[in-house]
Novice: 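One structure follows; several queries about it will come next.
In what follows, every heavy atom counts, from backbone to side chain, and hydrogens, waters and symmetry copies are set aside. In this chain, numbering begins with 1 at the start of the sequence shown.
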Amino acid sequence: QLFSGKTSWMRADSNMSCINRPDILTERLPRLTWSPTPRAACAQTHENMKRLQAVLTSCLRSNPCRFRDWCCNGVYCSDPERLLGEIAFQLDRRILSYVFQGQNRLYGFTVLNIRDKIIQVSTHPLTGKVDEGYRLQLSQRYTELMAKLKQLGYSMTLHPPFTEFIINTYGILKQRADSYSARELGYNSPDFLRRVVINAAPSKLLKDLLLLFSCLSFMARQDGKPLFLW
């Protein structure tokens with residue numbers, strides 16, 4: 001079920017769940033609202049997700065995936081749709097790993113609820129005492145990263161829920177690949193993965209899927225690690 005509290009896309013090692021807080025999206029998607037009160041915010045979150053789901057689902061119905069199996073530069077891609085979901089999943093995980101660098105487990109963490117999680121992990125669970133220094137460190141990492149991704153076109157109101165929709169719709173890769181398999185399958189090749197997105201994505205979602213991939217590529221260049229991390 002799309003945008004549910006329990007997501008079918010979570011891999012055993014992903015340590016993520018879903019929550020949403022969008023307010024204003026781009027012109028192509030409906031204008032959403034956000035209330036500062038918890039009860040009203042909960043109701044609006046549910047309504048926002050339903051409206052966003054309806055629009056994106058309509059895009060998929062009118063623009064289905066164009067290729068199921070294809071070959072690029074000698075590399076055979078048997079399930080390009082799952083690669084779309086994996087790219088979105090890897091970006092979400094990459095952002096979380098960057099912000100919460102000292103956090104071993106990220107169960108329940110998503111980019112959608114990252115502000116709330118910063119508050120949670122910097123507050124002692126028993127005494128309620130706030131580690132102001134740690135909270136400031138996390139907040140600075142988050143703010144700095146979002147500023148960089150914003151220059152690529154990333155929108156905090158559009159792309160976190162869009163990412164979740166893509167993951168829930170297409171799924172993620174069924175198995176983790178070792179370094180040799182990842183290289184053979186083209187998972188470390190920006191050119192190959194970009195071609196997967198261009199050939200597999202519905203036309204109305206292509207622009208935003210390419211943007212997610214651009215953000216993932218940017219982060220991989222910044223940390224010097226492969227595009228897909230497991």
Side-chain angles (χ1 to χ4, degrees), residues 2 6-18 60 64-112 114 145 148-149 152 154 159-160 162-203 205-230:
L2 302 181
K6 297 180 179 179
T7 51
S8 59
W9 54 266
M10 258 203 297
R11 196 157 45 207
D13 65 326
S14 66
N15 298 327
M16 296 182 184
S17 65
C18 297
L60 289 178
C65 178
R66 298 189 295 276
F67 297 94
R68 295 290 178 178
D69 304 303
W70 59 287
C71 184
C72 175
N73 296 334
V75 179
Y76 177 72
C77 184
S78 61
D79 200 349
E81 288 185 329
R82 283 189 176 274
L83 270 178
L84 297 180
E86 187 69 30
I87 288 170
F89 170 77
Q90 290 285 338
L91 175 61
D92 215 61
R93 181 180 180 182
R94 200 73 160 239
I95 293 172
L96 293 170
S97 296
Y98 177 82
V99 174
F100 301 98
Q101 294 179 14
Q103 195 79 15
N104 294 325
R105 290 182 59 82
L106 294 172
Y107 183 81
F109 289 61
T110 73
V111 177
L112 285 168
I114 197 168
L145 178 58
K148 292 177 180 178
L149 296 183
L152 300 175
Y154 188 89
H159 291 107
F162 176 78
T163 297
E164 180 180 308
F165 173 83
I166 294 300
I167 296 170
N168 278 322
T169 300
Y170 293 123
I172 57 179
L173 295 176
K174 295 179 180 179
Q175 295 182 334
R176 294 187 293 178
D178 56 33
S179 58
Y180 174 79
S181 299
R183 184 172 60 254
E184 291 296 306
L185 293 169
Y187 297 163
N188 293 333
S189 169
D191 179 65
F192 172 75
L193 292 178
R194 182 176 294 276
R195 288 177 180 272
V196 170
V197 175
I198 292 172
N199 284 280
S203 59
L205 305 183
L206 177 59
K207 178 182 177 182
D208 289 297
L209 282 166
L210 282 174
L211 188 142
L212 296 187
F213 178 69
S214 294
C215 291
L216 177 61
S217 298
F218 169 79
M219 295 195 69
R221 290 194 301 270
Q222 291 293 300
D223 60 30
K225 295 179 181 179
L227 285 164
F228 287 0
L229 296 177
W230 286 290

Novice: So which atom in Val111 and which in Pro160 form the shortest heavy-atom distance, rounded to 0.1 Å?
Specialist: CG1-CG, 3.9 Å
Novice: Would you compute the distance between atom CG of Leu227 and atom CZ of Arg221 and round it to the nearest 0.5 angstrom?
Specialist: 9.0 Å
Novice: Hey, are the side chains of Phe213 and Val196 touching, using non-hydrogen atoms and a 4.5 Å cut-off?
Specialist: no
Novice: For Leu211 and Leu152, work out which heavy atoms get closest and say how close.
Specialist: CD1-O, 3.5 Å
Novice: If you take all heavy atoms of Phe228 and Leu83, which pair is closest and at what distance?
Specialist: CE2-CD2, 3.8 Å
Novice: After noting the C-alpha distance and the side-chain angles of Leu205 and Phe162, does the key distance pass the side-chain contact (heavy atoms from CB on, under 4.5 Å) rule?
Specialist: CA-CA 10 Å; Leu205 305 183; Phe162 176 78; 4.0 Å; yes
Novice: What do the steps show when you test Leu91 against Tyr154 for side-chain contact (heavy atoms from CB on, under 4.5 Å), and what is the final call?
Specialist: CA-CA 11 Å; Leu91 175 61; Tyr154 188 89; 4.2 Å; yes
Novice: Starting at CG of Leu216, measure out to CG of Leu149 and round the result to the nearest 0.5 Å.
Specialist: 10.5 Å
Novice: Minimum heavy-atom separation for Leu209 and Ala201, please, with both atom names.
Specialist: CD1-CB, 3.4 Å
Novice: When rounded to the nearest 0.5 angstrom, what distance separates CG in Leu84 from CG in Leu193?
Specialist: 10.0 Å
Novice: Might you point out which heavy atoms bring Ile172 and Ile167 nearest each other, and give the distance in Å?
Specialist: CG2-CG2, 4.1 Å
Novice: Anything under 30° is parallel, anything over 60° is perpendicular, the rest tilted; go ahead and classify Phe100 against Phe109.
Specialist: perpendicular
Novice: Looking at side-chain heavy atoms only, is the closest gap between Met219 and Ile95 below 4.5 Å?
Specialist: yes
Novice: Roughly how far, to the nearest 0.5 Å, is the CD atom of Glu86 from the CH2 atom of Trp230?
Specialist: 5.5 Å
Novice: Minimum heavy-atom separation for Gln90 and Leu229, please, with both atom names.
Specialist: OE1-N, 2.9 Å
Novice: When you compare the side chain of Glu164 with that of Asp92, does any pair of heavy atoms fall below 4.5 Å?
Specialist: no
Novice: Whether Lys174 and Asp79 form a salt bridge (side-chain N of Lys/Arg under 4.0 Å from carboxylate O of Asp/Glu) is what I want to check.
Specialist: no
Novice: Test side-chain contact (heavy atoms from CB on, under 4.5 Å) on Leu173 and Tyr187; report intermediate values, then the result.
Specialist: CA-CA 11 Å; Leu173 295 176; Tyr187 297 163; 3.7 Å; yes
Novice: Evaluate the criterion side-chain contact (heavy atoms from CB on, under 4.5 Å) for residue pair Ser181 and Arg176; output intermediate values, then yes/no.
Specialist: CA-CA 9 Å; Ser181 299; Arg176 294 187 293 178; over 6 Å; no
Novice: Quick check for you: to the nearest 0.5 Å, what is the distance between Leu212 atom CG and Ile166 atom CD1?
Specialist: 7.5 Å
